[in-house]
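Below you'll find the structure, written out as structure tokens, and then a few comments.
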Amino acid sequence: MPVPVILDCDPGHDDAFNILLAAAHPSVDLLAITTVAGNQTLEKTTLNARRVCEAAGIRGVPIAAGAAGPLHARPQGVLVAEHIHGSSGLDGPSWDAWESGPGAGFGHGQPTVPQDPRDALTLLRETLTGHPAPVTLVPTGPLTNIATLLLAHPRLTDRIERIVLMGGSVERGNTTPAAEFNILCDPEAADIVFGCGVPVTMFGLNATHQVRATPEVLGRLTALGTPLSRLCVELLTYFASTYREVYGFDAPPLHDPLTVAHLIDPSLVSLVRAAVRVELTGTWTRGATVVDLDGVTGLPPNAEVGMDVDADGFWDLIVEAVRVLGSA
Ligand code: RIB
Ligand code: CA
């Protein structure tokens, strides 16, 4: 039976590939997509989710917009990652070519894939209550929407199978020395999610940095020779340029699809159970995920944490997803 999934995301180059993977693979039933501010503003991440579905021919998956910022407003304003994902949040391709809605081709087109009139909280609640079995939530952006759902509808936890998230790290961060971007954007939300009692699987930077989009990967995508594969290469080429400029990486880590890849093939990433806490008050460490790998705190484990990755197996799934959607 395919795993029923809701993606909660901030597209974002790597979020985009997670949408492709979830839509393409037969062992995943993509029920809905909700968006959150993160890599870019909510307006842009929502438009980007629609753009990705338009380009990949993904239809009938409702896309609803959620939180435009964290639970507790940051004095400095909403944190975005324009230096990595660009001003659109999905820089690289010429999206005009993919827009067939009104104004398409003139730089202000819109995808024909609509935005759902409901907000993310309503879509999450209605999808969870309406589905015959518990649903897996896959957040790959700041955790504001998921925390808001848990706060507003605590009894819905029995409709959530598990939460498989990209965020945090067992080591250092990427936005501060201690904090990874998704968690830092809304540490209070992350604290609520890790403490909610629903089984949580965390894929942090220590795992996601093992899946780098190398020139060999881009070559495999280019060889597919479809408009969608060309779009994916344009996305990864841009993503590579910013990761090289900002972090000095030789190839960009495609963080988010490790979540859905794990659902498809749990053997791809080794997991350890550990107590995970989110630092909320540290002057230099706010937003850090403190992962007790050695059990020294005596706290009971509250998450599975991704550790060692079969990168070849991961990329086989990504290339196959692009092939399937691009040839549909
Ligand atoms: O730190 C990487 C994470 O932050 C990824 O999910 C990326 O898309 C951004 O949301
Ligand atoms: Ca993301």
Side-chain angles (χ1 to χ4, degrees), residues 5-25 28 30 32-59 61 63-66 80-82 84-99 111 113 115 138-142 165-167 181-182 203 208 211-213 217-218 221 224 226-243 251-261 264 314-315 317-326 328:
V5 162
I6 299 173
L7 299 183
D8 182 69
C9 54
D10 61 336
H13 292 69
D14 49 335
D15 304 78
F17 280 84
N18 208 29
I19 292 171
L20 300 182
L21 184 57
H25 202 279
V28 176
L30 179 56
I33 297 170
T34 53
T35 57
V36 63
N39 285 321
Q40 260 298 352
T41 63
L42 177 67
E43 180 186 7
K44 293 180 177 180
T45 60
T46 306
L47 174 59
N48 289 337
R50 295 170 57 210
R51 281 174 162 169
V52 171
C53 290
E54 180 93 18
I58 299 167
R59 296 295 185 273
V61 178
I63 300 169
V80 296
E82 184 153 332
I84 297 295
H85 298 275
S87 60
S88 74
L90 267 186
D91 278 19
S94 165
W95 286 102
D96 294 358
W98 291 90
E99 283 156 1
V113 169
Q115 180 178 336
V138 180
T140 58
L165 65 91
M166 192 279 142
F181 179 81
N182 288 338
F203 293 105
T208 65
V211 286
R212 307 272 178 110
V217 167
L218 269 68
L221 289 169
L224 296 175
T226 65
L228 181 63
S229 65
R230 281 192 291 276
L231 176 77
C232 290
V233 169
E234 289 167 353
L235 286 168
L236 291 176
T237 301
Y238 179 86
F239 198 41
S241 70
T242 56
Y243 254 91
L254 204 68
H255 309 278
D256 295 337
L258 210 50
T259 55
V260 170
I264 293 167
F314 170 82
W315 288 114
L317 289 179
I318 297 295
V319 172
E320 177 61 8
V322 175
R323 186 194 67 77
V324 166
L325 292 172

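Computed from a predicted structure; not experimentally measured.
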Completion exercise
Which of T46, N39, T35, T45 passes side chain to side chain donor-acceptor pair (under 3.5 Å) with D10? Answer is N39
Exercise for the section: Please say which of E43, R51, K44 ends up in a side chain to side chain contact (heavy atoms under 4.5 Å, CB included) with L47. Expected result: R51
Exercise for the section: State which residue, out of L21, V322, V260, fulfils the side chain to side chain contact (heavy atoms under 4.5 Å, CB included) condition with L317. Expected result: L21
Exercise for the section: Could you name each residue pair satisfying side chain to side chain donor-acceptor pair (under 3.5 Å) that touches residues 232-242, not counting sequence neighbours? Expected result: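 Applying side chain to side chain donor-acceptor pair (under 3.5 Å) to every pair that reaches into residues 232-242, excluding sequence neighbours, yields nothing.
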On a heavy-atom basis, which atom in [X] and which in [Y] lie closest, and how many Å separate them?
X    : Y    : value
L258 : F203 : O-CE1, 4.0 Å
I33  : C9   : CG2-SG, 3.8 Å
A213 : A251 : O-CB, 3.4 Å
W95  : L90  : NE1-O, 3.0 Å

Exercise for the section: Kindly write out the residues that satisfy ring-ring contact (aromatic ring centres under 6.0 Å, His included) with F239, not counting sequence neighbours, or none if the list is empty. Expected result: H13, H85, Y243
Problem - side-chain contact (heavy atoms from CB on, under 4.5 Å) partners of V319, counting only residues at least two apart - result: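 Per chain and number, V319 pairs via side-chain contact (heavy atoms from CB on, under 4.5 Å) with R220, L221, L224.
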Completion exercise
With sequence neighbours left out, the residues meeting side chain to side chain donor-acceptor pair (under 3.5 Å) with D8 are T34, N145
Handout entry: Partners passing salt bridge (Lys or Arg N to Asp or Glu O under 4.0 Å) against E320 (at least two apart in sequence or in another chain)
Key =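 Here the qualifying residues are R323.
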Practice task
Output all residues satisfying salt bridge (Lys or Arg N to Asp or Glu O under 4.0 Å) with R212, sequence neighbours left out; order by chain, then residue number.
Solution key: D250
